[in-house]
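Ligands are counted one by one from 1 in listed order, and the atoms in each one are counted from 1 as well.
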Amino acid sequence: VRQLLPRLLDEVDPAALYAADLRPAPADRPWVLVNMIASVDGGTAVDGRSGSLGGPGDKAVFAAIRAVADVVLVGAGTVRAEGYGPTRTGARIAVVTASGDLSPDLRLFAERQLVVTCERCPAARREALAAVADVIVAGDERVDVRAALAALGERGASVVLCEGGPSLNGQLVADDLVDEWCLTLSPLLVGGASPRAALGPPLAGDPTRLRLDRLVTDGELCFARYVRA
Ligand SMILES: NC(=O)c1ccc[n+]([C@@H]2O[C@H](COP(=O)([O-])OP(=O)(O)OC[C@H]3O[C@@H](n4cnc5c(N)ncnc54)[C@H](OP(=O)(O)O)[C@@H]3O)[C@@H](O)[C@H]2O)c1
């Protein structure tokens, strides 16, 4: 893996690169890092899953980014589509759901995880999930993502990695809660109707300006790290 920016380095270790980055948590919530892979034409899934966008280099960077996270935040749609399991890094997974439509028998719950939900979630589903996860209620009709992040901070998380999907990312963007965005660019044109990496309500204010902090490549995929400008 080669670093192109901020300066040329022929051999870099992704794990060491991402581990050395500073991620100071704001006062009222953890640092929020989003990690997504997209095709050159902006697709985030092929046949409803992201797996075929990646490659061997992607796995190393994906693992390097997970290694810096205290909690991995993910939408229930992604858990259902991608068949999530526990992390190998010790980070707990926090699944965001309003419906609570997640079987306690999922492979994910082989280790105790977090479920972030709202008042609308039926009590029976909340109770079933409480057997396999710590349940956080943040919001009425939908999870208020800002309150959810604050609750994760109160439980000791200082870096929260959001792994999508696009609808969860869209809420973080709309609420201006993204401190870092890691984008893996896959050299594919996938067409189709998969959403771009953030899909959600329009912004109330100006777009959030980011700064390109680092660009790395394995010769096929590009790995860009952007941070809030
Ligand atoms: N390219 C990539 O890096 C990447 C990464 C992740 C996912 N993906 C792809 O993205 C697709 C899934 O994305 P998606 O946008 O449909 O799903 P998503 O954001 O993962 O999940 C949407 C679901 O999350 C829950 N949710 C999200 N925000 C919520 C809120 N504020 N309050 C309560 N619940 C909330 C709801 O679950 P309930 O329905 O349970 O209420 C909602 O239906 C899949 O095709 C996946 O492969 C790609």
Could you list the atoms of ligand 1 found under 4.0 angstrom from a heavy atom of Gly165?
6 (C), 7 (C), 13 (O), 15 (O), 18 (P), 19 (O), 20 (O)
Test: Glu154 and Arg29 ion pair at under 4.0 Å:
no
Can you find an N/O atom of Ala76 closer than 3.5 Å to an N/O atom of ligand 1?
yes
Heteroatom distance test (Ala81, ligand 1): nitrogen or oxygen, under 3.5 angstrom:
no
Atom 34 (N) of ligand 1: nearest protein contact (heavy atom, Å):
Ala98 N, 3.2 Å
protein heavy-atom neighbour closest to atom 1 (N) of ligand 1 works out as Ile37 O, 2.7 Å
Looking at Arg92 and Glu111, is there a salt bridge between them, counting it only when a charged N and a carboxylate O are closer than 4.0 Å?
no
Among protein heavy atoms, which sits nearest to atom 29 (C) of ligand 1, and what does the distance come to when rounded to 0.1 Å?
Arg142 NH2, 3.3 Å
Arg2/Asp218 under salt bridge (charged side-chain N to carboxylate O under 4.0 Å, His left out): CA gap, chis, key distance, verdict
CA-CA 6 Å; Arg2 209 168 170 221; Asp218 65 354; over 6 Å; no
Polar atom proximity, Glu82 to ligand 1 (N or O, under 3.5 Å):
yes
Which residue and heavy atom of the protein sit nearest atom 20 (O) of ligand 1, plus the separation:
Thr78 OG1, 2.5 Å
Taking atom 42 (C) of ligand 1 as the reference point, report whether a protein heavy atom occurs under 4.0 Å from it.
no
Check whether NZ of the Lys or CZ of the Arg Arg214 lies under 6.0 Å from the centre of the six-membered ring of Tyr18 and within 45 degrees of that ring's axis.
yes
Donor-acceptor contacts under 3.5 Å from residues 49-60 side chains, at least two apart:
| unit_1 | atom_1 | unit_2 | atom_2 | d |
| --- | --- | --- | --- | --- |
| Ser50 | OG | Glu82 | OE2 | 3.0 |

Top protein contact for atom 22 (C) of ligand 1, by heavy-atom distance:
Ser167 OG, 3.4 Å
Atom indices of ligand 1 within 4.0 angstrom of Met36 heavy atoms, with elements
1 (N), 2 (C), 3 (O), 4 (C), 5 (C)
Could you go through the side-chain contact (heavy atoms from CB on, under 4.5 Å) check for Trp181 and Asn169 one step at a time?
CA-CA 10 Å; Trp181 191 289; Asn169 294 345; 4.1 Å; yes
Give a yes or no on whether a salt bridge exists between Arg155 and Asp70, defined as a side-chain N under 4.0 angstrom from a carboxylate O.
no
salt_bridge(Asp21, Arg225) N-O dist < 4.0 Å:
yes
Against ligand 1, does Gly48 come closer than 4.0 Å with any heavy atom?
yes
Protein heavy atom at shortest distance from atom 35 (C) of ligand 1
Val96 CG1, 3.5 Å
Do Tyr84 and Leu161 share a hydrophobic cluster (ILVMFWY, side-chain heavy atoms under 4.5 Å, transitive)?
yes
Tell me, yes or no, whether the heavy-atom count around Asp206 atom CG, taken from other residues, nucleotides or ligands under 6.0 Å, exceeds 12.
no
Give a yes or no on whether a salt bridge exists between Glu180 and Arg23, defined as a side-chain N under 4.0 angstrom from a carboxylate O.
yes
Sub-4.0 Å heavy-atom approach of Ala38 to ligand 1:
no
Which of the numbered atoms in ligand 1 are under 4.0 angstrom from any heavy atom belonging to Arg49?
47 (O)
Tell me the protein heavy atom at minimum distance from atom 28 (N) of ligand 1, and give that distance in Å.
Gln171 NE2, 2.8 Å
Answer yes or no: are there more than 12 heavy-atom neighbours, outside Tyr226 itself, under 6.0 Å from its atom OH?
no
Val145-ligand 1 polar pair, N/O distance under 3.5 Å
no
Atom indices of ligand 1, in the order listed, that fall short of 4.0 Å to a heavy atom of Gly75
18 (P), 20 (O), 21 (O), 24 (O)
Give yes if a backbone or side-chain nitrogen or oxygen of Thr44 is under 3.5 Å from a nitrogen or oxygen of ligand 1, and no if not.
yes
Ligand 1 atoms in contact with Glu163 (distance to a heavy atom under 4.0 Å)
5 (C), 6 (C)
Can an N or O of Val143 be found at a distance shorter than 3.5 Å from an N or O of ligand 1?
yes
Polar-atom distance check: Ser99 versus ligand 1, any N or O pair below 3.5 Å?
yes
To the nearest 0.1 Å, how far is atom 39 (O) of ligand 1 from its closest protein heavy atom, and which atom is that?
Arg80 NH2, 2.9 Å
Can you give me the closest heavy-atom contact between Ala138 and Cys118, atom names plus distance?
O-CB, 4.2 Å
Enumerate the atoms of ligand 1 whose separation from the nearest heavy atom of Ser50 is less than 4.0 angstrom.
1 (N), 2 (C), 4 (C), 47 (O), 48 (C)
On a heavy-atom basis, the closest approach of Leu215 and Cys222 is CD1-CB, 4.4 Å
Given Pro166, Ala45, Gly164, which has its nearest heavy atom closest to atom 10 (O) of ligand 1?
Pro166
Step by step, work out the salt bridge (charged side-chain N to carboxylate O under 4.0 Å, His left out) result for Arg211 and Asp213.
CA-CA 6 Å; Arg211 163 178 76 73; Asp213 176 75; 3.4 Å; yes
